[in-house]
Amino acid sequence: MARLFIKQRVLTPGPVDVPPAVLLEMAQPIIHHRTKQFQAIFKEVSERLQRLFRTKNPVLSIAGSGTTAFESAQTSLATPGSKVVVVAGGKFGERWQDIYDQYAATLGLTVVKLNVPWGQAVTAEQIKAALDANPGVSVVALCHSETSTATACDIKAIAEVTRRSDALLLVDGITSVGAMPVEMDAWGIDCLVTGSQKAMMLPPGLGYVGLGERALARLESFKPKGAYVLDLRRWLKSWQKNDVPFTPPVSLIRGQRVALEMIEAEGLENVWARSATLASATRAAFQAMGLELISKSPSGSVTGAFYPAGVDDKKFRAGVRDKHGIHLAGGQSGRGAEWEGKCFRISHMGYVDAGDTLAALAAIEAELRESGAKIAPGAGVAAAMKGFGV
Ligand SMILES: *Cc1c(COP(=O)(O)O)cnc(C)c1O
């Protein structure tokens, strides 16, 4: 048989596939950023970002990755000399702990680490207990959707308890904004961050920081210490003039305008529902294949499963990629768990539909069977089809 053409589908939880309309827009000639033309594009992007974040307050676009954006929020909003509470139940929460450790001496911070077992979500009760036990906390930082463990917490309930204190809530929404319901103003989230290569349907290179009223007031309450490029005051001052303090990735910002236009044309609630449906159908498929999910509180944007005994991670993911064109992520290891080689993860964010998901599930099933797993042919795909109502 002739070798079949294989379409490539990037279903890693970042980066994700970029829609052709966005790629075309990014191929437009470079324009200078100190021009009316750029400022008009930037203004439209900022307004669309505010609708995406569900806020009437500023959403800053910062060159760099999601980590750049979150580090800028961490360093700009923690009051020098205060305590900060940082939650970790996976690789990214651990990174936010590391960043505060890095700044602890410069900013005089006491870092209170709240660790939960990987695959479990931190609860509002645990946050409240940490705040009660530690007077003088200026920031609570955590992930809404912890991508390394495909786990989501109840950020609405957490915002409710945090708002009763003077602590600001810094939310890593990098795999939730644009994929799962997040209501920045209505839920009272003080700072919400995401990155371009996740549900924003863009290549990597931009981070976004939404600032609520309490966060804006915090920025005015003390002089910056320890950061220059990452000092949010600088970005905010420019933003108020539809501008950026440093040369921006112009092509990405142009592309972001088109990607946000696509999200609004579909309807944000419809985008959330699409991701949720893909996620629940994937969970049903994994269960039908006899796989154990890695999360006790699954995220709506990414799903992970442990391998059955005898499956080699590298061989499995290479097979799924080289024979089927499906790009999956593996497991990650950190202080809380060693999941590298033990599980795989698939994304439901951005430019992805039921057909992409079914293609991935068929490939996963085929390669697991190839590795000796006892799965009835079509079991996972049939369960997912049922989830799609087909
Ligand atoms: C991807 C991701 C990050 C890191 O973002 P970078 O763009 O790689 O810096 C942080 N947190 C979460 C939850 C993520 O999914």
Side-chain angles (χ1 to χ4, degrees), residues 8-16 65-67 70 86-99 101-102 113-122 142-153 172 174-176 195 197-198 204 279 282-283 285-287 289-299 301-349 360-361 363-373 375 380:
Q8 301 299 308
R9 290 178 168 94
V10 180
L11 292 169
T12 51
V16 299
S65 76
T67 304
F70 208 76
V86 202
V87 179
K91 191 79 187 160
F92 293 109
E94 289 181 2
R95 180 177 297 172
W96 310 145
Q97 293 183 340
D98 292 345
I99 287 177
D101 278 344
Q102 182 79 25
K113 292 171 187 161
L114 175 50
N115 296 321
V116 296
W118 283 35
Q120 290 182 31
V122 70
L142 81 175
C143 299
H144 180 197
S145 165
E146 171 53 83
T147 314
S148 62
T149 65
T151 297
C153 63
D172 166 355
I174 296 179
T175 50
S176 71
Q197 79 279 25
K198 311 276 171 122
T282 300
R283 292 194 297 272
F286 285 177
Q287 271 148 4
M289 290 186 223
L291 302 176
E292 186 197 340
L293 296 179
I294 62 174
S295 178
K296 306 253 182 311
S297 172
S299 166
S301 63
V302 52
T303 302
F306 290 113
Y307 290 116
V311 179
D312 178 80
D313 168 58
K314 283 208 168 64
K315 196 164 153 269
F316 165 80
R317 282 192 299 127
V320 168
R321 184 185 62 235
D322 299 341
K323 290 192 247 164
H324 309 269
I326 304 290
H327 299 245
L328 301 173
Q332 292 177 291
S333 291
R335 291 190 285 277
E338 297 280 335
W339 282 6
E340 206 177 323
K342 300 208 177 117
C343 61
F344 66 95
R345 293 168 299 142
I346 177 171
S347 160
H348 319 294
M349 291 177 283
L361 291 170
I364 290 166
E365 205 175 88
E367 290 307 306
L368 287 176
R369 284 165 53 80
E370 182 77 19
S371 303
I375 299 170

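The figures here come from the full heavy-atom set of this structure, side chains too, leaving out hydrogens, waters and symmetry mates.
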> Do you know the tightest heavy-atom contact between T303 and A279?
Replying inline: OG1-O, 4.0 Å

> Taking all atoms of both residues into account, what is the closest heavy-atom pair of V302 and S145, and its distance?
Replying inline: CG1-OG, 4.3 Å

> Just by distance, do the side chain of S297 and the backbone of A152 share a donor-acceptor pair under 3.5 Å?
Replying inline: yes

> Are any non-hydrogen side-chain atoms of D101 and K113 less than 4.5 angstrom apart?
Replying inline: yes

>> Out of the candidates E94, Q97, R95, only one should pair with V86 under the side-chain contact (heavy atoms from CB on, under 4.5 Å) rule; please name it.
In response: Q97

>> Tell me the closest heavy-atom pair linking C153 and L142, and the distance in Å.
In response: SG-CD1, 4.2 Å

> What are the two closest heavy atoms between A329 and T12, and how far apart are they?
Replying inline: N-CG2, 3.9 Å

> Checking E146 side chain against G93 main chain: does a donor-acceptor pair fall under 3.5 Å?
Replying inline: yes

> Between the main-chain N or O of P15 and the side-chain N or O of K198, is there a donor-acceptor pair closer than 3.5 Å?
Replying inline: no

> From R317 CZ over to E367 CD, what is the distance, rounded to the nearest 0.5 angstrom?
Replying inline: 13.0 Å

>> To the closest 0.5 Å, what do you measure between OG (S148) and CD (E340)?
In response: 12.0 Å

> If you measure from CD on Q120 to OG on S295, what distance do you get to the nearest 0.5 Å?
Replying inline: 9.0 Å

> About how many Å separate CZ of F92 and NE2 of H144, when rounded to the nearest 0.5 Å?
Replying inline: 15.5 Å

> Closest approach of G90 and T149, non-hydrogen atoms and distance?
Replying inline: CA-CG2, 4.0 Å

> Where do M349 and S301 come nearest, in terms of heavy atoms and distance?
Replying inline: CG-CB, 3.6 Å

>> Just verifying a value: how many Å separate D98 CG and T67 OG1, rounded to the nearest 0.5 Å?
In response: 11.0 Å

> When F306 is tested against each of F286, W339, F344 for ring-ring contact (aromatic ring centres under 6.0 Å, His included), which residue passes?
Replying inline: W339

> Where do T147 and T175 land on the side-chain hydrogen bond (donor to acceptor under 3.5 Å, both in side chains) test, with the steps shown first?
Replying inline: CA-CA 7 Å; T147 314; T175 50; 2.8 Å; yes

> Would a distance-only check, ignoring hydrogens and angles, find a side-chain to backbone donor-acceptor pair under 3.5 Å from E365 to G380?
Replying inline: yes

> In Å, rounded to the nearest 0.5 Å, how long is the span from NZ of K315 to CG of D313?
Replying inline: 12.0 Å

> So, R345 side chain and G330 main chain: donor-acceptor pair closer than 3.5 Å or not?
Replying inline: yes

>> Are the side chains of W96 and D172 in contact, using a 4.5 Å heavy-atom criterion?
In response: yes

> Any side-chain heavy-atom pair from R335 and N115 closer than 4.5 angstrom?
Replying inline: no

> Are H348 and I346 close enough that some pair of their side-chain heavy atoms sits under 4.5 Å apart?
Replying inline: yes

> Hey, are the side chains of L328 and I364 touching, using non-hydrogen atoms and a 4.5 Å cut-off?
Replying inline: yes

>> Taking side-chain contact (heavy atoms from CB on, under 4.5 Å) as the criterion, tell me which of L293, I294, L291 meets it with C343.
In response: I294

